Each structure stands twice: as C-alpha cells, then as structure tokens.
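Note sheet for the following structure.
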Amino acid sequence: MSSTLFRTKKVEQSILDTEEPEHALKKSLSALDLTVFGVGVIIGTGIFVLTGTVAKNNAGPAVALAFVVAGVVCALAALCYAEFASTLPVAGSAYTFSYASLGELPAWIIGWDLVLEFALGTAVVAVGWSGYIASLLDNAGWHLPEALGSRDAADGFGFDILAAALVLVLTVILVLGMKLSARITSLVVAIKVIVVLVVIIAGAFFIKGDNYDPFIPKAQEVEAGSGLHSPLIQLMFGWAPSNFGVMGIFTAASVVFFAFIGFDVVATAAEETKDPQRAMPRGILGSLLICTTLYVAVSIVVTGMQHYSELSVDAPLADAFKATGHPWYAGFISFGAAVGLTTVCMILLLGQTRVFFAMSRDGLLPRFFSRVHPRFKTPHRPTILLGVIIAVVAGFTPLSELAELVNIGTLFAFVIVALGVIILRRTRPDLHRSFRTPWVPVLPILSVGASLWLMLNLPAETWVRFAGWMILGVVVYFLYSRSHSRLGRHEETTVGQVLRPPGRESE
C-alpha cells in the first residue's frame with residue numbers, strides 16, 4: 001500500500017495533461033499580469049489593520065522589522081515556488097508540485113489544505129469588504145437592515161448580503177475569462193497602490209521623532225497560552241514568548257504574516273501564462289518585493305505619526321491621520337481599503353478553483369469538474385460550485401476565529417513546497433529548470449524551519465482545527481480519491497498489459 005500512497009506523477013505527464021482540449025486552460029497572462037495579481041492579493045486587510053495591532057501589542061515601532069522578518073520567510077518560500085512554477089507550469093500550485101515530488105497522498109493532503117485555505121481566505125476578505133462598504137454607506141446616510149449586515153453584528157438570524165453578493169459577482173467574472181479578470185485586477189490594484197503611496201507620502205510630513213522612542217520597547221513576558229501566543233512554544237522550548245523586545249518582533253512576524261498571504265496564489269495561474277518559464281519567477285518574486293517595501297514604509301510612517309501605545313487596533317492608518325487633524329485622509333484610506341479588498345477576494349477564489357480543477361483532472365476529485373468552458377476556456381464548473389458555497393459561508397458565518405486557519409494552511413504549503421524542491425533535485429536532476437532555487441538544500445531547509453517557527457507561534461486551537469480538517473481529508477482520500485486516481489488506473493492498466501498471457505491481448 002505504501003508504494004501506491006506515495007506514487008508520483010511525472011512532470012512530463014502533468015504537462016501532457018494540460019494539452020487535452022477538454023481540459024486545457026487558455027494561456028493569456030504575462031509577467032506583468034502575474035505581478036499585478038500578486039500585488040492585488042497581498043495588499044489587503046493586513047496593511048490596513050494589522051500594523052496597529054502588532055505595533056501596540058507586540059513590537060512597537062519595530063513592527064517594521066517584523067514585516068521584514070515575515071517578508072524574508074516568504075522570500076525563502078517564493079524562491080522554491082519560482083523553481084517549481086517555471087519547471088512545472090501546471091495549475092494547482094503546491095498540490096501539483098507535491099504530486100511530482102512527494103507522492104499522491106501528500107499531494108492530496110496539501111490540495112485539501114489549499115481548498116480550505118483559499119475558501120476561508122475568500123470568505124474572510126468578503127466579510128471584511130462588507131464591513132468597509134457598510135461603513136461608507138452609513139457615512140452617506142444609507143443604512144442596511146441589521147439582518148442583512150455583518151453576522152458579527154447581527155442579533156439572531158442574519159445574512160451578510162454584501163459579502164455574498166461580492167463573491168457571486170467575482171465568480172461570474174472568473175467564469176468569463178482570465179484576461180477580463182486581469183484587466184479588472186489591474187485597475188483596482190492601481191487604485192489600491194495609489195492609496196498606499198498617499199499614506200506614505202502624506203504621512204511622512206506628520207512624523208514626530210519622539211514617537212520612535214523606544215524603537216524596540218522593553219520585553220514583557222506573556223502569560224502561558226494568552227492572546228495570540230501558542231503554548232506549543234513553551235512546551236517545546238521551555239520559555240514563554242514576549243510582548244516587545246527582540247522576541248516580540250518574531251511574535252509580531254507570525255501575526256503580520258497574514259498580510260503576505262497570496263503571493264503563492266500566483267503559482268496557481270502557471271498553466272494560463274504565456275511564457276511561464278520566465279514570467280512565473282518574475283511575477284512571484286516581483287510582487288513580493290514590491291509589497292514588502294510598501295509594508296515596511298507604511299509601518300514606519302504610521303508609528304512615526306502616532307505613538308505605538310495610542311494606535312488604533314481597528315483602523316490604525318485612518319485613525320492616525322485623524323489624530324493629526326486630517327480626517328479627510330481617513331475616508332480616503334477606508335475607500336481604498338474597500339476597493340482593494342475586491343482583488344484579494346477575486347484572486348483567492350481564482351487560486352482555489354485552479355487547485356480544485358487540477359485535483360479533478362487527476363481523478364482525486366470527480367472528473368466532472370475538470371472540463372473547461374468551450375468558449376471562455378475557464379474551469380466554470382468548479383468556479384460556480386465553489387463561488388456559491390463561499391457566498392453562503394460568507395453570508396451566514398462569523399469567521400473571525402477561522403481566519404487563523406488561513407495562516408497555518410499557507411505555512412504548511414510552504415513547508416511541503418520547500419521539501420519538494422530538495423526531493424525533485426535528487427530524483428529528477430535531468431529536468432530543465434528555467435529558474436533554479438539557489439543554495440539547495442540549505443535555502444529550502446531554512447524555509448522549512450522558518451515556516452515551522454511561525455506555525456508554532458499560532459494558537460493551539462488553530463492546530464486542533466487544522467488537524468481535524470486534515471484527518472477528514474485523509475478519510476475522503478481513502479474512501480474516494482485513492483480508487484479514482486487516474487495515475488492509479490494507469491498503473492493498473494500497465495500492470496495488466498504486462499501480466500496478460502500471450503495471445504490474449506484483446507482481453
């Protein structure tokens with residue numbers, strides 16, 4: 001059994017599968033499109049909200065260093081993603097990479113993980129977008145009924161109509177084609193980046209040097225299991241994490257990591273890219289570099305405008321401008337955040353549908369979902385199914401606690417991809433690699449260690465929920481996916497042909 005659980009799918013076969021007319025996606029994306037996708041999904045609630053939270057509770061003005069640490073962890077993973085995406089330009093991202101290097105069961109597990117990660121990410125962002133829009137409508141004098149607003153605010157039965165509507169509209173756009181999605185994303189990303197640049201440039205005029213003193217506040221020990229800190233750290237290393245101080249920076253990095261989630265979604269579009277060997281590394285690494293630079297600049301400005309101890313947790317950027325006597329910027333920032341979240345939602349939904357599509361093409365999910373639209377050449381069936389499900393989830397479910405599952409799911413994918421690079425270098429040294437991760441195996445090992453470290457900083461409850469979802473995934477694999485795997489059926493056919501007695505070839 002162990003040999004079937006870890007059977008790998010050859011890179012050549014994965015690429016051949018993309019050429020089947022009924023299961024082939026249209027190639028229409030450039031390196032610029034991929035970079036825009038990356039920036040579009042990375043810059044979201046993280047930069048508009050988390051800056052204040054971690055500055056006030058964990059790192060002080062040194063939150064800028066926390067963004068650097070989180071960016072470095074992502075960069076290590078991004079170099080591994082870039083090698084895989086350029087070598088194996090097939091939809092599915094970490095799922096497809098794992099199938100080629102680690103085997104079928106690990107690939108299924110990471111695919112199952114990504115489906116949950118992107119679904120929850122899409123729903124959480126849609127609910128956040130709904131909150132911004134409802135606030136802007138309130139300011140304009142238009143008030144939604146409580147039963148149609150946020151589920152966190154509703155008393156009794158409620159349905160977040162704005163969140164659900166956003167997901168359904170984006171579902172239609174994704175069905176109509178990748179190029180249309182790219183054009184809409186480019187427009188919205190331009191607005192979002194302009195808002196961020198306004199924050200940096202305008203805020204720089206209101207910086208007070210005294211607000212940076214101390215830049216790294218004195219460390220304060222955290223009680224076991226409190227706040228955002230995981231008791232796993234104490235269990236494994238014998239000491240409690242700290243608020244502030246040097247360790248506070250690392251704790252903050254595990255929190256602001258949420259702000260970087262999304263660059264890996266770029267890899268899911270590899271099959272729809274014109275020149276993936278060159279475009280994928282540029283799109284992945286370029287978007288990460290741009291966003292890290294913007295994050296660091298924003299965090300330096302906002303902690304210079306207002307002392308970290310006085311920063312707002314809910315809307316630190318907007319409230320910092322209010323504190324300096326410039327409320328107009330607050331409304332501008334809220335508008336930019338609301339507009340910008342639409343691209344985050346769209347690209348997360350895009351990533352999920354491509355992973356689902358790749359798994360169904362391999363037979364691990366029903367093959368019904370692997371047929372593309374005859375006109376638009378998009379995976380319309382999984383897009384519609386998942387769009388409707390996520391719209392319902394976003395409408396009915398308060399998702400504040402489940403949001404942490406997105407973090408642990410992404411970090412788990414980073415670990416798998418880094419290990420896959422090492423393994424595929426050993427098993428298939430003959431493959432042409434347009435981009436090669438430097439310093440293998442040292443750099444991938446560092447990526448694994450850094451990702452695991454951030455995972456350990458997450459709450460124990462998150463680990464319990466994550467383990468529950470993984471166990472459910474293993475059950476589904478053995479009940480359905482293992483017996484329906486196209487790779488498994490191909491092996492059975494091959495063995496049957498070898499063992500069939502001479503003269504009975506027609507059987």
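Worth knowing before you read on, the calculation uses all heavy atoms, side chains too, and leaves out hydrogens, waters and symmetry mates. Sequence positions, counted from 1, serve as the residue numbers for this chain. Fair warning: this is a prediction, and the values are worked out from it, not measured in the lab.
Taking the six-membered ring for Trp and thresholds of 30 and 60 degrees, F466 and W463 have ring planes more than 60 degrees apart, a perpendicular arrangement. Taking the six-membered ring for Trp and thresholds of 30 and 60 degrees, F260 and Y295 have ring planes more than 60 degrees apart, a perpendicular arrangement. Relative ring orientation between W108 and Y477 is described as tilted, the plane-to-plane angle lying within the 30° to 60° band.
Side-chain contact check for S30 and K274: no donor-acceptor pair (N or O, by modelled atom type) lies under 3.5 Å. Side-chain atoms of T378 and H373 form no donor-acceptor pair, as typed in the model, at a separation below 3.5 Å. No hydrogens or angles considered: nothing links the side chains of T4 and E104 as a donor-acceptor pair under 3.5 Å. In this structure, a donor-acceptor pair under 3.5 Å is absent between the side chains of Y95 and D113. When only modelled atom types and interatomic distance are considered, T410 and E117 share a side-chain donor-acceptor pair under 3.5 Å.
A donor-acceptor pair under 3.5 Å is absent between the side-chain atoms of S101 and the main chain of I423, judged by distance alone. A distance-only check finds no donor-acceptor pair linking the side chain of S130 to the backbone of A126 [under 3.5 Å]. Remark: side-chain polar atoms of T273 are paired, donor with acceptor, to backbone N or O of A269 under 3.5 angstrom. Listed for the T342 side chain is no donor-acceptor partner under 3.5 Å among the backbone atoms of A338.
With respect to the salt-bridge test (charged N to carboxylate O, under 4.0 angstrom), the residues E83 and R425 qualify. With salt bridges taken as basic N to acidic carboxylate O contacts below 4.0 Å, none links E20 and R361.
Annotation for K26: atom NZ does not count as buried by contact number, only 12 or fewer foreign heavy atoms lying within 6.0 Å. The environment of CZ in F376 is crowded: more than 12 heavy-atom neighbours from other residues, nucleotides or ligands sit within 6.0 Å. Other residues, nucleotides and ligands place more than 12 heavy atoms under 6.0 Å from the CZ atom of R428. The number of heavy-atom neighbours closer than 6.0 Å to CZ of R278, taken from other residues, nucleotides and ligands shown, is 12 or below.
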Check: Hey, mind stepping through F369 and F357 against ring-ring contact (aromatic ring centres under 6.0 Å, His included) and telling me if it holds?
Finding: CA-CA 6 Å; F369 295 105; F357 168 78; over 10 Å; no
*CA sep, side-chain torsions, deciding dist, call: V73, L454, side chain to side chain contact (heavy atoms under 4.5 Å, CB included)*: CA-CA 9 Å; V73 173; L454 292 187; 4.0 Å; yes
| message | Using the rule given for ring-ring contact (aromatic ring centres under 6.0 Å, His included), can you reason through Y480 versus H484, listing the C-alpha separation, both sets of side-chain angles and the distance that settles it, and then say yes or no? | response | CA-CA 6 Å; Y480 178 86; H484 289 79; 3.9 Å; yes
Step-by-step salt bridge (charged side-chain N to carboxylate O under 4.0 Å, His left out) determination, D275 to K27: CA-CA 9 Å; D275 184 9; K27 298 182 182 296; over 6 Å; no
Check residues 35-43 and write down every donor-acceptor pair under 3.5 Å in which the side-chain atom is one partner and the other belongs to a residue at least two apart or another chain.
unit_1 : atom_1 : unit_2 : atom_2 : d
T35    : OG1    : A31    : O      : 2.9

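Proximity of V388 to T171: side-chain heavy atoms (C-beta onward) are nowhere separated by under 4.5 Å. At a threshold of 4.5 Å between non-hydrogen side-chain atoms, the residues V339 and K192 do not count as touching. Side chains of P106 and Y99 form no contact here, defined as non-hydrogen atoms less than 4.5 Å apart.
Residue I389 holds its CD1 atom at 8.0 Å from CD of Q352, rounded to the nearest 0.5 Å.
A pairwise comparison of heavy atoms in V195 and G336 identifies CG2-CA, 3.5 Å as the closest pair.
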